[in-house]
Engineer: 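Supplied in structure tokens, the structure appears directly below.
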Amino acid sequence: MKIKTLVCLALLPLASIAQVDNTELEMREGSAERGRLVFGQCRTCHYPEAALGHNNGPNLHRIFGKVAGKQEGFEYYSETFKQAEFVWTPELLYLWLADPLAMFPDTTMMSLGVPDAQQRADLIAYLKEASVRGAVEESTSDE
């Protein structure tokens with residue numbers, strides 16, 4: 001799946017995406033199982049399970065489709081994210097995780113991202129699966 005630089009510029013007016021290599025604009029197919037292992041380093045600050053809430057970073061349950069920097073109950077967003085008007089998509093997260101500090105220099109995230117393209121795709125596949133799994137668990141508990 002290709003993302004045009006123009007679209008990225010429209011979504012991220014404050015971001016410096018000029019540093020993103022064009023070869024990185026194509027998101028690979030990911031494995032949720034491998035992504036679970038990649039997420040281990042993220043778990044220090046983020047949880048993908050809704051029931052666990054926020055940690056040092058915002059909860060990532062159902063992150064796709066949410067407006068960046070606007071999760072209720074999480075107060076530690078950088079100014080860039082507080083003013084953000086874009087919605088997280090798998091493709092956008094893929095680009096951002098390549099080098100978070102290049103895209104948003106004032107981010108408060110204490111990570112250099114996931115430079116390996118396959119590991120990023122795997123991580124995104126895991127977050128998609130974790131969100132769906134959580135949705136099934138929540139609807140079952142409501143019955």
Side-chain angles (χ1 to χ4, degrees), residues 1-17 20-21 23-143:
M1 176 177 312
K2 294 224 180 217
I3 299 176
K4 302 292 182 208
T5 302
L6 215 49
V7 173
C8 292
L9 287 171
L11 291 173
L12 302 170
L14 302 174
S16 169
I17 64 166
V20 177
D21 183 352
T23 60
E24 292 297 316
L25 294 179
E26 186 171 333
M27 191 165 90
R28 301 173 182 198
E29 193 69 32
S31 159
E33 185 57 33
R34 288 190 312 253
R36 182 182 62 79
L37 299 175
V38 176
F39 190 79
Q41 65 187 346
C42 308
R43 192 171 273 284
T44 302
C45 297
H46 299 280
Y47 299 128
E49 303 90 1
L52 295 179
H54 301 300
N55 192 359
N56 293 333
N59 186 284
L60 299 180
H61 180 71
R62 295 188 189 170
I63 190 66
F64 303 117
K66 290 184 179 177
V67 177
K70 307 290 190 275
Q71 285 200 51
E72 189 175 321
F74 188 76
E75 306 297 327
Y76 305 107
Y77 289 111
S78 66
E79 282 305 310
T80 299
F81 281 104
K82 286 179 184 176
Q83 297 173 18
E85 296 297 329
F86 63 89
V87 173
W88 284 117
T89 65
E91 297 83 9
L92 187 55
L93 188 61
Y94 178 84
L95 288 174
W96 183 60
L97 286 174
D99 190 349
L101 296 174
M103 194 173 275
F104 295 115
D106 79 334
T107 185
T108 56
M109 189 166 95
M110 306 282 295
S111 170
L112 298 177
V114 182
D116 182 81
Q118 186 60 59
Q119 287 184 345
R120 283 196 314 277
D122 294 340
L123 177 58
I124 289 164
Y126 171 71
L127 289 174
K128 286 179 182 178
E129 182 182 276
S131 291
V132 170
R133 183 179 57 243
V136 170
E137 291 167 0
E138 289 170 13
S139 67
T140 305
S141 67
D142 290 342
E143 295 174 358

Engineer: Taking C-beta and beyond as the side chain, do F81 and T108 meet within less than 4.5 Å on heavy atoms?
Structural biologist: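 Contact flag for F81/T108 side chains = no.
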
Engineer: Taking only residues two or more places apart in sequence, or in another chain, which ones meet Y47 in a side chain to side chain donor-acceptor pair (under 3.5 Å)?
Structural biologist: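 In terms of side chain to side chain donor-acceptor pair (under 3.5 Å), with neighbours along the sequence ignored, Y47 is linked to N55.
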
Engineer: Is there side-chain contact between R120 and L95, with heavy atoms separated by less than 4.5 Å?
Structural biologist: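 Of all side-chain heavy-atom pairs linking L95 with R120, none is under 4.5 Å.
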
Engineer: Can you give me the closest heavy-atom contact between R62 and S131, atom names plus distance?
Structural biologist: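 Closest approach of R62 to S131: N-OG, 2.6 Å.
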
Engineer: Applying side-chain contact (heavy atoms from CB on, under 4.5 Å) between W88 and each of L127, L93, V67, report the one that passes.
Structural biologist: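 Exactly one candidate clears the test, L93.
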
Engineer: Of all residues at least two apart in sequence or in a different chain, which pass the side-chain contact (heavy atoms from CB on, under 4.5 Å) check with Y76?
Structural biologist: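 Applying side-chain contact (heavy atoms from CB on, under 4.5 Å) to Y76 gives F74.
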
Engineer: Could you go step by step and tell me if E79 and Q83 meet the side-chain contact (heavy atoms from CB on, under 4.5 Å) rule?
Structural biologist: CA-CA 6 Å; E79 282 305 310; Q83 297 173 18; 3.4 Å; yes

Engineer: So do P48 and Y126 actually touch side chain to side chain, heavy atoms under 4.5 Å?
Structural biologist: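 Sidechains of P48 and Y126: in contact.
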
Engineer: Using a 3.5 Å distance criterion without hydrogens, assess whether the side chain of E91 forms a donor-acceptor pair with backbone atoms of M27.
Structural biologist: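 Checking the backbone N and O of M27 against the side chain of E91, no donor-acceptor pair under 3.5 Å is found.
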
Engineer: Output all residues satisfying side-chain contact (heavy atoms from CB on, under 4.5 Å) with L101, sequence neighbours left out; order by chain, then residue number.
Structural biologist: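 L101 satisfies side-chain contact (heavy atoms from CB on, under 4.5 Å) with D99, T107, L112 only.
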
Engineer: Which residues pass the side-chain contact (heavy atoms from CB on, under 4.5 Å) test with A121, sequence neighbours left out?
Structural biologist: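 Partners of A121 under the side-chain contact (heavy atoms from CB on, under 4.5 Å) test: R28, Y94, Q118.
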
Engineer: Give the minimum heavy-atom separation between A84 and A68, together with the two atoms involved.
Structural biologist: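 Shortest heavy-atom separation between A84 and A68 comes out as CB-O, 3.6 Å.
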
Engineer: For P100, check side-chain contact (heavy atoms from CB on, under 4.5 Å) against everything at least two apart and list the hits.
Structural biologist: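 Per chain and number, P100 pairs via side-chain contact (heavy atoms from CB on, under 4.5 Å) with W96, M109.
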
Engineer: Sequence neighbours left out, what pairs pass side chain to side chain donor-acceptor pair (under 3.5 Å) with at least one residue falling in residues 34-46?
Structural biologist: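 Applying side chain to side chain donor-acceptor pair (under 3.5 Å) to every pair that reaches into residues 34-46, excluding sequence neighbours, yields E33-R36, R34-D122, R43-E49.
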
